[in-house]
Structures are given as structure tokens and as C-alpha cells.
Amino acid sequence: MTAPRTRAGSSAGDELDDLDVEEALALVRPVPTTPAHSPTASAPATPSAPGPGHRPHGGHAAATPWPRAREIAARAARATTRPEPVSVHLADALGKVLAAPLDALSDLPSFDTSAMDGWAVAGPGPWQVRESGVLAGHAPQETLTDGEAVPIATGARIPAGVTAVLRSEHGRTDTQGRLHATGETLHGQDIRPRGQECRSGDQLLPAGTLVTPAVLGLAAAAGYDTLAVVPRPRAEILVLGDELLTEGLPHDGLIRDALGPMLAPWLRALGAEVTAVRRLGDDAKALRRAITSSRADLIVTTGGTAGGPVDQVHPTLAALNAELLVDGVAVRPGHPMLLARVKDGRHLVGLPGNPLAAVSGLITLAEPLLRALAARPAPEPYALPLREPVAGHPHDTRLVPVTLRGNHAVPLRYNGPAMLRGIAAADALAVVPPGGSPQGAGAELLDLPWAAGGIGVCFT
């Protein structure tokens with residue numbers, strides 16, 4: 001379903017607009033020593049407050065505003081080791097981003113072709129029809145002279161001397177086998193001339209274009225066997241918590257792990273290559289070993305970020321001298337999320353353990369970071385009026401699951417931090433400012449990757 005979209009008046013997307021495709025592609029190109037694209041480019045990506053090991057204890061002063069957290073996550077990718085473009089076969093390019101412009105390798109079409117089934121005719125009619133026809137993929141016959149015609153198939157090469165193609169439904173033959181047009185025949189009609197779509201060397205698509213099925217078709221038509229693309233960032237998932245079951249019904253204080261099955265396909269939909277899903281329980285030593293041994297560009301942990309008795313994430317990051325870029329976000333659900341820069345410029349996103357809070361962390365921190373690493377284009381911000389009022393938090397942004405119905409966003413129930421029932425039925429998340437939004441107010445919407453109707457539906 002497609003709903004009318006308008007730009008949000010004041011959105012986090014606006015704050016991210018300056019992180020465009022060109023800036024993201026700088027990850028795979030040399031970067032000038034002095035950025036000149038944005039007045040904020042020289043600002044430090046790390047908030048001035050928390051250092052390693054710092055944890056906010058529920059105070060709003062320490063929490064990063066939600067729009068700023070997304071901006072920090074997007075810009076964090078600028079400090080990473082820049083991946084080299086890779087050449088992949090067309091079949092493996094879907095969902096990646098072009099690392100170089102797609103230039104035409106030849107004229108398209110590369111010769112004059114018939115646009116319809118019918119007859120290739122020379123000069124004015126009636127025409128004497130040759131017996132053998134011209135098929136696609138076959139060499140054309142001898143030159144036609146005025147008054148001659150030859151049957152021709154769509155896509156076949158036009159023989160020399162042909163002045164037009166007469167469609168099958170626009171011609172008839174008489175008892176002497178001569179062909180007559182049932183209407184006016186114009187010079188050049190239904191002939192696709194060589195180079196009609198492009199000439200050799202023309203730029204078909206710029207670098208930074210997301211490779212969709214249509215892009216694959218264009219590349220194939222233009223003669224490409226491989227494409228230069230930005231490699232997918234690698235992501236590894238570390239599932240924490242001794243209370244989690246991997247199968248069966250909850251029992252004896254144990255609950256099913258909802259995040260393990262959900263995060264891998266969600267991260268793939270955001271453009272990542274998920275290399276592993278590892279279950280560590282509440283084992284600090286195992287967590288430290290997993291972080292230090294990981295080769296992923298992004299490590300995603302679940303739970304243990306709220307400063308409770310089994311918070312293994314903050315102490316482990318402090319012991320590793322990781323740099324906390326975001327330590328708590330003024331958003332509900334999901335405020336105890338975090339973003340850290342670990343060894344070799346790699347990053348870790350710590351998600352809260354509650355399922356919908358973890359989704360909030362994915363949208364807030366993982367999505368902008370992965371988008372920048374993969375050089376994927378930013379989605380266009382849009383807003384729709386709310387069909388019902390939505391209560392707000394006194395100080396924090398709220399992310400509320402909604403469905404799109406016509407020109408409205410309909411808030412869904414079951415939107416508590418531990419609930420997935422609402423998000424499972426949702427098309428998007430509505431961004432509700434502190435204090436709430438009345439009925440009819442325009443709400444900025446964040447499409448879920450499989451509901452946007454784009455490449456995000458591909459989970460491989």
C-alpha cells in the first residue's frame with residue numbers, strides 16, 4: 001500500500017539530510033583532509049559528557065536527544081576503515097550500492113530493431129512480401145527495395161532499406177499476396193533506432209545508486225556481467241541472558257528468546273551481512289572474548305545495558321577502553337541503548353533486552369550506522385496525520401507502531417517495551433515528540449524495511 005507522503009516539518013531525517021549518498025560513498029573513496037560539505041562536519045561525533053564506563057542512572061540530562069543520537073550513529077561510520085569496492089556478478093549485487101557510475105558500454109539498442117511484430121516495409125505500399133522472415137537474434141536479409149516487405153519479429157534487426165514497420169494488426173494481404181496498410185504508414189514508425197536509449201559512454205546511473213531488480217536489468221541490457229559495489233558491512237549478534245530459551249514454551253522463570261530470531265533478518269534488511277548469532281548468557285568473560293575476537297564491522301548485543309545486577313555490557317566496554325559515543329537516548333521505549341567504538345574503529349550497538357525497546361535501538365542507532373557503512377541512500381522523510389491522539393512522554397521522544405490507512409497513520413495497541421504484537425502488524429513507527437501528539441497532527445514516520453516496498457524486502 002502506498003500512502004501520500006509529505007516532508008515532516010521538523011524531523012530527525014532533516015538533521016540527517018546532509019549525510020547524503022556522496023558523503024556515504026566517501027567511505028570507499030579518499031576523503032579530503034578538510035571537509036567542506038557541512039558547517040557541522042568538524043564537530044566531534046562524541047558527546048562531551050560520558051566517557052568509558054559512564055552510565056546514566058535515569059537522569060534525562062545524561063541521555064542523548066533522539067535526533068542527535070541518530071546523527072551520531074550515522075557519522076560514526078566516518079572514522080572506520082574504509083572498505084574497498086568489490087566486483088560481484090549481477091546475481092550477487094542485489095541490495096548493494098554502486099561504488100562507481102554505471103556507464104553505457106555500447107549504444108542501446110546497439111542496432112535498429114523492430115518494436116513490434118509485423119512487416120518491415122520499404123517505401124510506399126502496396127508491398128510484395130518476401131517469403132522468409134526476420135527473427136530476433138538472426139542476421140538480417142538482403143537490402144529491401146521500394147515496394148518490398150518482409151515479415152519481422154519484435155526485437156529483430158531491421159534490414160537495410162526498410163523505412164517503417166507495419167504492425168500485424170495494421171496490414172492485410174490480397175489474393176496476389178501483396179501487403180496493404182489499413183491506415184497511414186509513417187516513416188520510421190515502430191522502429192527503435194540505434195542509440196535511442198543511450199550512446200556508448202553515457203552515464204546511466206550515478207555511484208551511490210541502490211541496486212534494485214530494475215538496476216540489474218539495465219546493467220544486463222547495457223552489457224555488464226559484474227558490478228563494482230560497496231561491500232555489505234558485517235554484523236555479529238551476541239544474545240545475552242541466562243533466562244532465555246531457544247525452543248518450547250516458557251517455564252520456571254525462563255522465557256523464549258524473541259530477539260535472536262528477529263535481529264538477523266532485520267539487520268540483513270538494513271543492508272548488513274550477518275556473520276554469526278552467538279548466545280552467551282550472562283557471562284562477562286565470554287562477552288569480552290566475543291567482542292575482542294569479532295571481525296564484524298558492527299557487534300549487536302541484546303540486554304544488559306540498563307545498569308542492573310547483570311549489566312555486563314558497560315563494565316566490559318570500560319575494561320576494553322571502548323569509546324562510548326551514545327550512552328542512553330531520550331526515547332521510549334529503548335532509552336538504555338548505547339553505541340560504542342571498539343577496537344580498530346569497529347562499533348558495538350547495545351540493545352535493551354525488552355523486544356520493542358530493542359527495535360527502537362535498531363532504528364535509532366543500528367540503521368543510520370549501517371546505512372552510512374553501506375553507502376545506502378537515506379530515506380526521504382515524510383509525515384501523515386494521526387487518526388487518533390497519542391500520549392507522549394514528558395521529556396522523551398516516543399516511537400509508536402502504526403499502520404497506514406489512506407492518508408492517515410493509525411496507532412496500534414500493544415506498544416509496551418516488552419511487546420511485539422503491535423510492531424508485528426505495523427507498517428511504520430511514528431515519531432511522537434515529548435508531550436504527545438493530538439488527533440490529526442502530522443507525525444514523522446519511519447518505514448519498516450519490509451513495509452517500504454523497496455529493496456529492504458530482500459533478506460538474503
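When all heavy atoms of L399 and L446 are compared, the closest pair comes out as CD2-CD1, 4.4 Å. In plain terms, the two heavy atoms of P159 and V150 that are nearest each other are CG-CG1, 4.4 Å. When all heavy atoms of L339 and A73 are compared, the closest pair comes out as CD2-CA, 3.7 Å. Nearest heavy atoms, T185 versus A164: CG2-CB, 3.9 Å. When all heavy atoms of D112 and R194 are compared, the closest pair comes out as OD1-N, 2.7 Å. When all heavy atoms of A391 and R398 are compared, the pair lying nearest together is O-NH1, 2.6 Å.
Inter-residue side-chain proximity for V239 and L259 is flagged as unmet; no heavy-atom pair is nearer than 4.5 Å. When side chains are defined from C-beta on, V97 counts as touching L210, because their heavy atoms get closer than 4.5 Å. For the pair Q189 and L166, the minimum side-chain heavy-atom distance is below 4.5 Å. The side-chain heavy atoms of L445 and D427, taken from C-beta on, include no pair separated by under 4.5 Å. Under the 4.5 Å side-chain criterion, counting only non-hydrogen atoms from C-beta, P231 is not in contact with K96. Residues R199 and D107 form a side-chain contact, since some pair of their non-hydrogen atoms from C-beta on lies under 4.5 Å apart. Using a 4.5 Å cut-off on side-chain heavy atoms (C-beta onward), L218 and Y224 make no contact. Within the 4.5 Å cutoff, the side chain of L227 has heavy atoms near those of the L102 side chain.
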* Asked: For V277 and L263, what are the C-alpha separation, side-chain angles and deciding distance, and is it a side chain to side chain contact (heavy atoms under 4.5 Å, CB included)?
  -> CA-CA 9 Å; V277 179; L263 292 182; over 6 Å; no

- Query: Are E197 and D202 close enough, and set up right, to give a side chain to side chain contact (heavy atoms under 4.5 Å, CB included), and what steps lead you there?
  - Reply: CA-CA 10 Å; E197 187 167 0; D202 287 352; over 6 Å; no

For this session: Take L384 and H408, measure what side chain to side chain contact (heavy atoms under 4.5 Å, CB included) needs, and give me the verdict at the end.
Result: CA-CA 6 Å; L384 286 177; H408 290 82; 6.0 Å; no

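Counting only distance, with no hydrogens or angles, the side chain of T403 and the backbone of A426 share no donor-acceptor pair below 3.5 Å. Looking at T302, its side chain never comes within 3.5 Å of a backbone N or O of L351 through a donor-acceptor pair. When atom types are taken as modelled, the side chain of T145 and the backbone of A122 share no donor-acceptor pair closer than 3.5 angstrom. Not a single donor-acceptor pair under 3.5 Å links the side chain of R341 to the backbone N or O of L325. Judged by distance alone, with hydrogens and angles left aside, the side-chain atoms of D190 form no donor-acceptor pair with the main-chain N or O of M116 at under 3.5 Å. At distances below 3.5 Å, at least one donor-acceptor pair connects side-chain atoms of S168 with backbone N or O atoms of D117. Of the possible polar contacts, one joining the R346 side chain to the R295 backbone as a donor-acceptor pair under 3.5 Å is found. No donor-acceptor pair closer than 3.5 Å links the side chain of Y414 to the backbone N or O of I423. For Q439 (side chain) and R387 (main-chain N/O), a donor-acceptor pair under 3.5 Å exists by modelled atom type. At least one donor-acceptor pair under 3.5 Å links the side chain of T163 to the backbone N or O of G123.
Note that OG of S114 and CZ of R157 are 14.0 Å apart. Values are rounded to the nearest 0.5 Å. If you take CD1 on I237 and OG on S294, they are separated by 11.5 Å, rounding to the nearest 0.5 Å. Note that CE of M419 is 12.5 Å distant from CG of L412, once rounded to the nearest 0.5 Å. In this structure, T182 OG1 and H170 NE2 are separated by 6.0 Å, a value rounded to the nearest 0.5 Å. Between atom CZ of residue R278 and atom CG of residue L238 there is a gap of 6.5 Å, rounded to the nearest 0.5 Å. The CG atom of L108 sits 6.5 Å away from the CZ atom of R192 when rounded to the nearest 0.5 Å.
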Got a list of side-chain donor-acceptor pairs under 3.5 Å for residues 353-365, not counting sequence neighbours?
from : atom 1 : to   : atom 2 : distance (Å)
S360 : OG     : P333 : O      : 2.8
T364 : OG1    : W66  : NE1    : 2.8
T364 : OG1    : S360 : O      : 2.7

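Residues meeting the side-chain hydrogen bond (donor to acceptor under 3.5 Å, both in side chains) test with S87, sequence neighbours left out: T226.
Around the CZ atom of R421, the shell of radius 6.0 Å holds no more than 12 heavy atoms that belong to other residues, nucleotides or ligands. More than 12 heavy-atom neighbours from other residues, nucleotides or ligands sit within 6.0 angstrom of CD on E169.
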